[in-house]
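Hydrogens, waters and symmetry mates are skipped; everything else that's a heavy atom, side chains included, is used.
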Amino acid sequence: MNPNLPVGGSAFELESGLQSAAPENLTLFGFSLRLGRYDRELEGSTPVGELTGRSLSSVLSVLALRHFFGEGLGAELELPVGTIHYVDGVERPTQRLSGAGDLGLGLRYDLGRLWSAGGYRPSVTLSAGLSLPTGEQAGFGEEGTAFPPNLLSLGMASYTLNTRLELSQYLHRRVALRATAVYRQPLDATEGGVRFGPVGGGSLGVAVVPAAGWVVIGNLDALGRAPSHELPSVAGHDEMPMPGSDDGHGEEIGNSGGFWLAGELFLGRSISDRVTLGVGARVPIYTKVNGRQLTESFSVMSLVSVRFGGDEDDHEGHDHGEHEEHEAHEAPAAKREPPAEAPAPAVELAPAPAAAAPAAGNVRDLATGGESFDARAVGVPGKIVVVDFWAEWCAPCKKVDGILRELAAAHPEELVVLRVEVPDFDAPVALEHLADAEGLPTVWIYGRRGDRMRVMNARGLLDNLRATVLETLEGTAD
């Protein structure tokens, strides 16, 4: 927003309503509002006397749209709209700059798709895009005064290349590390003849899910901005030198650029399957600017994000909170119980509980509420048995359940489906049987001799489940 001030932000900068494992055909709309106050006058990192009525404040809203195509690929659009108020004591009346900022377009890819990210596996997302010069750039103040003019803009008012790298790594089912790195490179000068300096920075923080539907995020943000330059006019003409030419770099603006370090705290709440609200605040910890500048005193922000489309099942169980949902689809790495070496004895299947939903074909509940079971007593000689580990918060599990019920109805005399409920990965059933699983859904397939033949989970399960069960029924996979 300003070459001297670290203001701005994305509607998804501190999101709590977005899955780290990118969903498919899902659209997110976000609206954020940030109020910033700037009444600390610094020269370098040293405060400079009394402000004598000088201050600067900004109100910035960001409209953001993000769509997930599936397979980790997404597209982004952002438009900032804001107002900057500048008060220069009694020397000049209040000045105001309002309008739309730079329209940002970009693509993102979740690299975690390459290793089935989620839970205790890292999610790494790379974003790249271009901001268009739809913002405004103006100058406040007068040359030679005690407070030199700042060059302000809603955005950078020029074509700007934007890159962003995001990392999330769960340390515990309710605690995750978050890290980001950003770089912005203006590609040309503004209409006012200013070439903004490049911007680099990042953040390191912790996200905590204290209860279902809630998330608390604490960040340490760092931002460095190179000084801006004012380009000279070509002799006898009003046009600017071509970018990249020897004389196109221009004269450095003495009161631009610097380094900022700030602390930020955010609280988010999912109020429904599709709507997330949030509030946050940021305060400076260390600032060192080039020349004499007004710098940030504090800023507060609010956020609302709304989800549209996607698989209807993707939104069920959302009250667990997206960070918890992301964690729950994947299990921590540990040692899985090896398959039984000897054929398991036949078991007499208990009738399904009266409260259970009507099942098509031979579909039964083997264990509910997270209770464990004896894996050696699951196989049924002469029949194909599928053990389906599922959870209410697992959207893909519902698709697996539909496939298995359909197969069970088509092969009632040959196929048995046993359902095992996994409330979370601290439950006894998960600790005993899913310690080394990639996550949910997970399916075990037992052959006609009563031995466990296959373990299928998470990545690729939906694509191959039907064919694998049919092959086993036909004996080609036995």
Show, in sequence, the C-alpha distance, side-chain angles and deciding distance for L461 and V400, and conclude whether the side chain to side chain contact (heavy atoms under 4.5 Å, CB included) test is met.
CA-CA 8 Å; L461 188 151; V400 169; 3.4 Å; yes

On the 0 to 90° scale, with breaks at 30° and 60°, tag the Y446-W444 ring pair as parallel, tilted or perpendicular.
tilted

Compare all side-chain heavy atoms of V206 with those of L177 and state whether any distance is below 4.5 angstrom.
yes

Using the rule side chain to side chain contact (heavy atoms under 4.5 Å, CB included), only one of S57, S98, S58 pairs with H85; which is it?
S57

Going through the checks in order, is the side chain to side chain contact (heavy atoms under 4.5 Å, CB included) test met by R452 and V455?
CA-CA 8 Å; R452 189 169 72 187; V455 174; 4.0 Å; yes

Any chance OH of Y159 has more than 12 other-residue heavy atoms, nucleotides or ligands included, within less than 6.0 Å?
no

What is the distance from atom CD of E471 to atom CZ of R454, rounded to the nearest 0.5 Å?
6.5 Å

Interatomic distance, I384 atom CD1 to L473 atom CG [nearest 0.5 angstrom]:
5.5 Å

With rounding to the nearest 0.5 angstrom, report the CG to CG distance, L126 to L167.
12.5 Å

R419 to W390 six-membered ring, cation-pi geometry met (6.0 Å, 45°):
yes

How far apart are the C-alpha atoms of E414 and R448, what are their side-chain angles, what is the distance that settles it, and do they pass the salt bridge (charged side-chain N to carboxylate O under 4.0 Å, His left out) test?
CA-CA 9 Å; E414 299 180 274; R448 299 182 191 277; 3.3 Å; yes

Residue pair V385 / V378, side-chain heavy-atom distance below 4.5 Å
yes

Are T27 and L65 close enough that some pair of their side-chain heavy atoms sits under 4.5 Å apart?
yes

Return the minimal non-hydrogen interatomic distance between L161 and L130, and the atom names on each side.
N-CD1, 4.2 Å

So which heavy atom on N219 is nearest to which on D221, and how close?
CB-OD1, 3.6 Å

So, for D102 and P80, which heavy atoms are closest and what is the spacing to 0.1 Å?
O-CD, 3.1 Å

d(K288 NZ, L42 CG) to nearest 0.5 Å is 12.0 Å

Does the separation of the ring centres of Y286 and W260 fall below 6.0 angstrom?
no

Apply the side chain to side chain contact (heavy atoms under 4.5 Å, CB included) test between L470 and each candidate in L415, L465, L407; give the one that qualifies.
L407

Counting C-beta onward and ignoring hydrogens, is there a side-chain heavy-atom pair between R269 and T276 closer than 4.5 Å?
no

Report yes or no: does T163 contribute a side-chain atom to a donor-acceptor pair with the main-chain N or O of Y183 at less than 3.5 Å?
yes

For R40 and E296, what are the C-alpha separation, side-chain angles and deciding distance, and is it a salt bridge (charged side-chain N to carboxylate O under 4.0 Å, His left out)?
CA-CA 7 Å; R40 298 191 311 152; E296 182 180 26; over 6 Å; no

Would you find a donor on one side and an acceptor on the other, under 3.5 Å apart, between the side chain of R274 and the backbone of R307?
yes

As an exercise, state the distance from CZ of R164 to CD of E166, rounded to the nearest 0.5 Å.
4.5 Å

With a 4.5 Å cut-off on side-chain heavy atoms, are R108 and D110 touching?
no

Decide whether S203 and T180 meet the rule of one side-chain donor and one side-chain acceptor closer than 3.5 Å.
yes

Do you know the tightest heavy-atom contact between C397 and A391?
SG-N, 3.9 Å

Minimum heavy-atom distance between N362 and P412, given as atom pair plus value:
CB-O, 4.2 Å

Which atom names give the shortest non-hydrogen contact between F196 and A157, and what distance separates them?
CE1-N, 4.5 Å

Heavy-atom side-chain proximity of S131 to L103 below 4.5 angstrom:
no

Could you grab the distance from atom CD of E371 to atom CD of E421, nearest 0.5 Å is fine?
9.5 Å

Tell me whether R178 is salt-bridged to E264, with the criterion being a basic N under 4.0 Å from an acidic carboxylate O.
no

Could you walk me through whether L261 and L220 pass side chain to side chain contact (heavy atoms under 4.5 Å, CB included), step by step?
CA-CA 7 Å; L261 186 65; L220 183 64; 4.0 Å; yes

Would you check if the side chain of D365 reaches a backbone N or O of A367 as a donor-acceptor pair within less than 3.5 Å?
no

Looking at side-chain heavy atoms only, is the closest gap between H67 and L26 below 4.5 Å?
no

Test side chain to side chain contact (heavy atoms under 4.5 Å, CB included) applied to T125 and L111, step by step
CA-CA 6 Å; T125 302; L111 300 175; over 6 Å; no

I'd like to check the side-chain hydrogen bond (donor to acceptor under 3.5 Å, both in side chains) partners of S297; sequence neighbours left out, ordered by chain and number.
D39

A side-chain contact here means heavy atoms from C-beta on lying under 4.5 Å apart; do V386 and L418 qualify?
no

